[in-house]
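Chain naming here is simple, since letters A, B, ... match the order of the sequence lines and numbering starts at 1 in each.
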Amino acid sequence: MTENRFDSARADARWQAAWADAGTFTADSHAAKPKSYILEMFPYPSGRIHMGHVRNYTMGDVLARYRRMRGDEVLHPMGWDAFGMPAENAAMEKGVHPGEWTRANIAQMKAQLKRIGFALDWTREFATCDPEYYGHEQALFLDLYEAGLVYRRSSSVNWDPVDMTVLANEQVIDGKGWRSGAEVEKRELDQWFLKITDFAEDLLAGLDDLEDWPDKVKLMQENWIGKSQGLEFSFELSDGAKLPVYTTRPDTIFGASFVAVAADHPVAQGLSDDPQVAAFIEECKRGATTAAALETAEKLGYRTAITARHPFTGQALPLFIANFVLMDYGTGAVMGVPGHDQRDFEFATKYKLPIARVVAPDPSKADAPFEGEAESGDGVIVNSDFLDGMSVEEAKAEVIARAENAGWGEGTTVWRLRDWGVSRQRYWGTPIPIIHCDACGIVPVPKDQLPVKLPEDVDFETPGNPLERHPTWKHVDCPCCGKPARRETDTLDTFVDSSWYFLRFASQPDDRPFDPEEIAKWLPVQHYIGGIEHAILHLLYARFWTRALAHIGKLSVKEPFAALFTQGMVTHETYALGDGSWLSPDEVKRNGEDYVHIESGQPVTAGRVVKMSKSKKNVVDPDRIIEQYGADAVRWFMLSDSPPERDLPWSDSGIEGCGRFVQRLWRLFGQFDPSATGEDKALLRKAHQAIVAVAEDIEALSFNKAVARIYELTGATEKAAPSESRNFAIRTILHLAAPMMPHLAEEAWAAMGGEGLIADAPWPEHDPACLVEDEVTIAVQHKGKLRDTLTAPKGASKEDLEALALASEKVQRSLDGADIRKVIVVPDRLVNIVT
RNA sequence: GCGGGUGUGGCGGAAUGGUAGACGCCGGGGACUUAAAAUCCCCUGAUCUUUGAUCGUGCGGGUUCGAGUCCCGCCACCCGCACCA
């Protein structure tokens, strides 16, 4: 009696061991083959692999296995983004050392990944918390420091009062910390910065070359970098001072009716002895923090006694302190042109300031009134002296030219992008390799003393930075003068760790961070796959870091990721009890149309389908599913149905279907019959068509379509009678499905007596001659509707097709004797009869 | 507010301007079985006067012999940014 069920538990383990023993997926930098670097964003070792990881890594895995079948030497590595706050939180909550906690999580998650059978090169695995890794990172930091791309300054920072740490602008969402969700405060601290702004222009221009990045991501980066061009010029103030302002609309300068500065602008601060001014400044600080408040915030101003002299008309414009002017953009001061800027319009309306028109649709409408809002669109300049009649663009250039000639202003570019603050007042991160000496100032740690290792004996009893409190760690002798000095106790933002890990995967010498020549063999990454949530932060930093290293001659590549793919999330229905508490899918059962709580029998409300998250309890544990259905069924599910960029709704019946299909294929593979003879031309054609189509689909990352093709070919093959062609079709399915269901494929390959591992077998060749159809189905339309379908020989003439169509009984009935005005024939496709 | 995306059966989704709904899931019917599981077969957009016809891809127009697809104007939802001068 033959076993006719595929035993996934046995097969999964067997083939995972076989790949590991053979070193199948170990990448060889010296191989003569073409190289493919397939990379998925490495995970934070939070404790367990979740379905989102499984989906992400399955996509990369299919690509990696496919590229191997296509003859490439593939680098498909995995590692751990291992520094970060959760480890410290665990330390505080459970009294376990962050390193210990992290290592245990890594061990667990690695075992989980292995059970899914990913084609990973584990020989290159590392964690960013390995001293070897962060030691090299410290060396790179010092390289950038020497190149002048790192600096320290006191600055107002975003302080997260819950996590007790500094956040980058990018980590503040709606005025709240991205992790803790706590309201962010402002604090003055000495901080380390990376000069990402030096590369603003280049980072922006580089986006144009990233053809295989989603437009959405490029646009988000473009907006984040925020280039704007305009005029910076100074107003002479009535108190004799000069006030620099920045405007992108110098063409509207004759429409200026006031000048405004930010509440924290020096001019405003200079007036703060006046209690009214001080009170207004306080009010501004209180108001504008959250997005919700900003949306409805009224434009508020305080009119000072100072006036500003208009550079052309000499008119005295009132100077306001205004709540809508931002200190950290441009110069922190603006000229107010109410007619052509909505904020200025609202402000002028409230404070009864003149609203002049200086741009009009055409010169005859120079005095047209405004209809309740500013007009920021294009037009012709009016009421503006020498600018009258010019276009907006001409006028901009003219004003800039005159300002530059007269010396009171110049054309400038202003960026939204800020330098990257990398200091974190945290223990579990890469120590910044700097020593502070009272005599010598800031002294880099000599490279031969790297890595600066984190001390192991730390306590997490009190919030804040344990490095600061450590009894000995920060006390060192100055490398310059030998006198007692202090170590920097800040650690690096973990985004630094993930800004170069892809380089270390490609090349990992002991004595330096990487070898540029070896990097050049693999980079840029051919497919980089991860979540859209990294569209700005990680991806911009990685692009910057790579550029910065290229800039100082450490690298020859500038763009790390040739193609980016942002995959959708794995979602699941949510379940809630009447009191609003969430239930996990295990806790509910279906009762007809409704759900009930298994334990209490209470009715359960099925809610929206949203991203799986612990807080909503709508998670499904991959391990449990693998145990039940095997790795291949889970992998297949991750690839089926939803296009990869969209969300994938998890369903129990879906995974059951995948489990059934694994068994169905296993039965079909068992029908491979070496003694069968004869040709089945139609099936042969379908098999060859599938070879072409599945390859195209995989290359386009349309895994859902590749899956559908395999289903189709499977269905056709099952129905076909035994023949040599059928054997070919069976073998074809085996190869096409191998990147997606590798364990089943190996097991069947071995059972069929295939040589070696199917993981090493090439992608099947298609025969173009077999693709050609000899018969085609022709649609016949009349009055724009389908009336009949006919079978005709491929390549039949227009005349023949027309005659065939008119001979159809159904067509004749539809025509009902009407006069035929025109017949349109598309060869091999359709006949459309117009009456 | 600005920018981007999406909208197709009960559900996930297919469809170079050329047979809308491939493929999967759910559902219905049947076969096999003492019974069940498993498996296999058939049906499965809506409506109607059901050998057939009409309607149907968010809504309203348009181009075309022919529109899910192209153009114009809306609507809804999702995502990103947000007082950026």
Testing B:C40, B:G4, B:G18 for proximity to the side chain of A:R664, the answer is B:C40

Would the base of B:C83 count as contacting A:K299 through its side chain, where contact means a donor and an acceptor less than 3.5 Å apart? yes

Is it the case that A:R726 and A:Q671 place a side-chain donor and acceptor less than 3.5 Å from each other? yes

How do A:N223 and A:R787 order along RNA chain B: which one's closest nucleotide is nearer the 5' end? A:N223

Nearest of B:C23, B:G18, B:A85 to any side-chain atom of A:N832? B:G18

Would you indicate which nucleotide in B:U19, B:C83, B:G12 comes nearest to any side-chain atom of A:T789? B:U19

Determine if the base of B:G66 is syn or anti; take syn to mean the glycosidic torsion is within 90° of 0. anti

Looking only at B:A22, B:C25, B:G66, the nucleotide nearest the A:S653 side chain is B:C25

Whichever of A:Y329 and A:K783 has the more 5' nearest nucleotide on RNA chain B, that residue is A:K783

Test your reading of the model: is there a side-chain donor-acceptor pair from A:R709 to the backbone of A:A693, 3.5 Å cut-off? no

Between B:G52, B:A15, B:U19, which nucleotide gets closest to the side-chain atoms of A:Q781? B:U19

Could you list the residues that satisfy salt bridge (Lys or Arg N to Asp or Glu O under 4.0 Å) with A:K705, not counting sequence neighbours? none

